[in-house]
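Within every chain, numbering begins at 1; the chains are lettered A, B, ... in the order of the sequence lines, protein sequences first and strands thereafter.
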Number of protein chains: 2
Amino acid sequence: MKITLTHATEDYLKAIYAISVDGASASTNALAERLKIAPASVTGMLKRLAEASPPHVDYRKHHGVTLTPEGERAALKIIRRHRLLETYLHEMLGFSWDEVHEEACLLEHVISERFESRIDELLGHPTHDPHGDPIPDLNLVMPQEASVRLSALRPPQKATIQRVDAKDGDLLRFLEGKSLVPGSKLEISAYSPFDGNLTILLNQQEMILGPTITRHIFIEEN
Amino acid sequence: MKITLTHATEDYLKAIYAISVDGASASTNALAERLKIAPASVTGMLKRLAEASPPHVDYRKHHGVTLTPEGERAALKIIRRHRLLETYLHEMLGFSWDEVHEEACLLEHVISERFESRIDELLGHPTHDPHGDPIPDLNLVMPQEASVRLSALRPPQKATIQRVDAKDGDLLRFLEGKSLVPGSKLEISAYSPFDGNLTILLNQQEMILGPTITRHIFIEEN
DNA sequence: ATTAGAATTTAGGGTGGACTAAATTATTTT
DNA sequence: AAAATAATTTAGTCCACCCTAAATTCTAAT
Ligand SMILES: [Mn+2]
Ligand SMILES: [Mn+2]
Ligand SMILES: [Mn+2]
Ligand SMILES: [Mn+2]
């Protein structure tokens, strides 16, 4: 059973890649949750992906799936497109960083090789999208990123924001309003135990942020 | 039976609009031909479009369809997107005029209102696409265009090319190579009877073109 | 008015992709 | 080890969209 990569399958592969970061397998439920699709439907699709030739996933009943080399290549290809598109929408079409995801998630299935390479070129071969997520290069090599959360810092550490992991538009707009965006430099001036609040100095301005927020911000110490 | 405009239905509506230019109805066969879909499949879709609420076409068995006001609005909306996209791909992303159609035909079903208005703005609200086809404005009013074919001219008439009606990439590249593009001014210096060849002066250069070519070029006399 | 040919519709099927409800299997708790 | 709970799969549907082959209907020529 050959398979044509379609809209739906591409989104599945992306989700599987995202969930199985550390080599773990992606469970039916986790995928259903992430894709907003009923678990029963996910099972069906996982079977199709596993029976494709070449197979895109290894599927063990009741134990979820892992990507095969083919599946991973396909996933990286679409992730590259997604992040290039987000960057393009943000930089060239003036989309705000909370609007780019939805649009990119539709465009990614449709643009040609030429479109992809054109925007890559016009953007100067960007390495990160507006949220700070790394963009796989032309050979589909994904740069490894530090994964220290802002919530883990203690005074008097200094750091630079690397990426923000949030899909909620309200949160993204809030963070942008406070300049909590990739590239911003900050300093921890206080830590409050029990509630985990951090007092942060950014642009000569002080703010107190709870862990519900700081958990979503990944930083590099400096 | 409500209907969601999908990829397929949008392409049908565009095709119906294009075929039924002069108020005539679009036949099953003409649509099948244009969309490269079996006639039997077209019948099925026409029924669905007719049974939608509100209906997008008036369907009379064995007599083809005409667009309802809703259908026409939907068609114009998607034609606007298509032509804006073609213009954008050509002007801002460096696509050649024989490459834009295919890409636009996929993107048109996917871009948001915001994307559409952004590129419209960046292009300065263009009125014509790279082939010279008029772009419906925001109120979906389609500018009427003269429709005199170059093949109908005789010496010593002068004219400006308005639009080129061709989907064949080879022809489009040929025409571009000869500067036979919208905006070019030319003069007819000779007409050869029987074969219909025209000798044309364009950019101080003379060329002889047969009716197979000149039929696809629409001009405005001057 | 009949009839041949062309256009169109019907009948029957297939694929991708989603759903709900019910059954099954795995895991955790007792 | 047994029972309760959670995760997953099966079974049965549905919808959009396409296909081929066969039947029907329209149209135009005789
Ligand atoms: Mn997507
Ligand atoms: Mn992103
Ligand atoms: Mn299209
Ligand atoms: Mn065009």
Undergrad: Please give, in whole Å, the distance from D/dA16 C1' to B/Glu10 CD?
TA: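 Going from B/Glu10 (CD) to D/dA16 (C1'), I get 14 Å.
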Undergrad: How many Å lie between CG on A/Asp11 and P on C/dG16, as a whole number?
TA: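 A/Asp11 atom CG is separated from C/dG16 atom P by 17 Å.
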Undergrad: Measure the spacing between CG of B/Asn29 and CD1 of B/Ile19 and express it to the nearest 0.5 Å.
TA: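 If I round to the nearest 0.5 Å, the distance is 10.0 Å.
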Undergrad: NA contact type, B/Thr43, heavy-atom cut-off 4.0 Å: base, sugar-phosphate, or nothing?
TA: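 Base contact - B/Thr43 has a heavy atom under 4.0 Å of at least one base atom.
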Undergrad: Does the side chain of B/His90 pick up a donor-acceptor pair with the side chain of B/Glu86 at under 3.5 Å?
TA: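 Checked: B/His90/B/Glu86 side chains show no N/O donor-acceptor pair below 3.5 Å.
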Undergrad: Determine the contact category for B/Ala40: base if any of its heavy atoms lies under 4.0 Å from a base atom, sugar-phosphate if only primed atoms, P, OP1 or OP2 are that close, otherwise nothing.
TA: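 The answer is base, as B/Ala40 lies within the cut-off (heavy atoms under 4.0 Å) of a base atom.
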Undergrad: Which sits closer to the 5' end of DNA chain C, A/Lys61 or A/Tyr12, going by the nucleotide each is nearest to?
TA: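 Taking each residue's closest nucleotide, the earlier one in sequence belongs to A/Tyr12.
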Undergrad: For D/dT9, does either OP1 or OP2 sit under 4.0 Å from a side-chain N or O belonging to A/Tyr59?
TA: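 For A/Tyr59, the contact criterion (side-chain N or O under 4.0 Å from OP1 or OP2 of D/dT9) is met.
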Undergrad: Using the side-chain heavy atoms of B/Asn29, tell me which of these nucleotides is nearest: C/dA7, C/dT9, D/dC26.
TA: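 Nucleotide nearest to B/Asn29's side chain: C/dA7.
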Undergrad: Indicate whether OP1 or OP2 belonging to C/dA18 is found under 4.0 Å from a side-chain N or O atom of A/Lys36.
TA: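 For C/dA18, neither OP1 nor OP2 has a side-chain N or O of A/Lys36 closer than 4.0 Å.
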Undergrad: Rounded to whole angstroms, how far apart are CG on A/Leu31 and P on C/dA18?
TA: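 Atom-to-atom, A/Leu31 to C/dA18, this comes out as 12 Å.
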Undergrad: Report yes or no: do B/Asp11 and B/His109 form a side-chain donor-acceptor pair below 3.5 Å?
TA: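 B/His109 and B/Asp11 do have a side-chain donor-acceptor pair below 3.5 Å.
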Undergrad: Within the structure shown, what part of the strands sits under 4.0 Å from B/Ala38 by heavy-atom distance: base, sugar-phosphate, or nothing?
TA: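 Base contact - B/Ala38 has a heavy atom under 4.0 Å of at least one base atom.
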Undergrad: Rounded to the nearest Å, what distance is computed from the NE2 atom of residue B/His62 to the P atom of nucleotide D/dT27?
TA: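 One finds 9 Å between P of D/dT27 and NE2 of B/His62, rounded.
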Undergrad: Please tell me which of B/Leu46 and A/Ala8 maps to the more 5' nucleotide of DNA chain C, matching each residue to the nucleotide holding its nearest heavy atom.
TA: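 Residue closer to the 5' terminus by nearest nucleotide: B/Leu46.
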Undergrad: Rounded to whole angstroms, how far apart are CD on B/Glu33 and P on C/dA6?
TA: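 Atom CD in B/Glu33 sits about 15 Å away from atom P in C/dA6.
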Undergrad: Which nucleotide in the set C/dA18, D/dC18, D/dC26 lies at the smallest distance from any side-chain heavy atom of A/Ile37?
TA: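 Nucleotide nearest to A/Ile37's side chain: C/dA18.
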Undergrad: Is there a donor-acceptor pair under 3.5 Å between the side chain of B/Glu103 and the backbone N or O of A/Ser112?
TA: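 It does hold such a pair.
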Undergrad: How long is the line joining CE of A/Met45 and P of C/dT15, in whole Å?
TA: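 Going from A/Met45 (CE) to C/dT15 (P), I get 15 Å.
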Undergrad: Whether A/Thr6 contacts C/dG16 is assessed here as follows: a side-chain N or O lying under 4.0 Å from the phosphate OP1 or OP2. Is that the case?
TA: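 For A/Thr6, the contact criterion (side-chain N or O under 4.0 Å from OP1 or OP2 of C/dG16) is not met.
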Undergrad: Which label fits A/Tyr88 and A/Phe115: parallel for a plane angle under 30°, tilted from 30 to 60°, or perpendicular past 60°?
TA: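 Taking A/Phe115 first and then A/Tyr88, their aromatic rings stand perpendicular (interplane angle over 60°).
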Undergrad: Does A/Thr28 put a side-chain nitrogen or oxygen below 4.0 Å from OP1 or OP2 of D/dT9?
TA: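 Looking at the OP1 and OP2 atoms of D/dT9, one of them is under 4.0 Å from a side-chain N or O of A/Thr28.
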Undergrad: Describe the nucleic acid contact of B/Thr4 in one word from base, sugar-phosphate, nothing, applying a heavy-atom distance below 4.0 Å.
TA: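 Contact class for B/Thr4: none.
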Undergrad: Between atom CZ in B/Arg34 and atom C1' in C/dA7, what is the gap in whole Å?
TA: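 One finds 19 Å between C1' of C/dA7 and CZ of B/Arg34, rounded.
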Undergrad: Rounded off to whole Å, could you give me the NE2-to-C1' distance for the A/His63 and D/dT9 pair?
TA: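 Roughly 13 Å, once rounded to whole Å.
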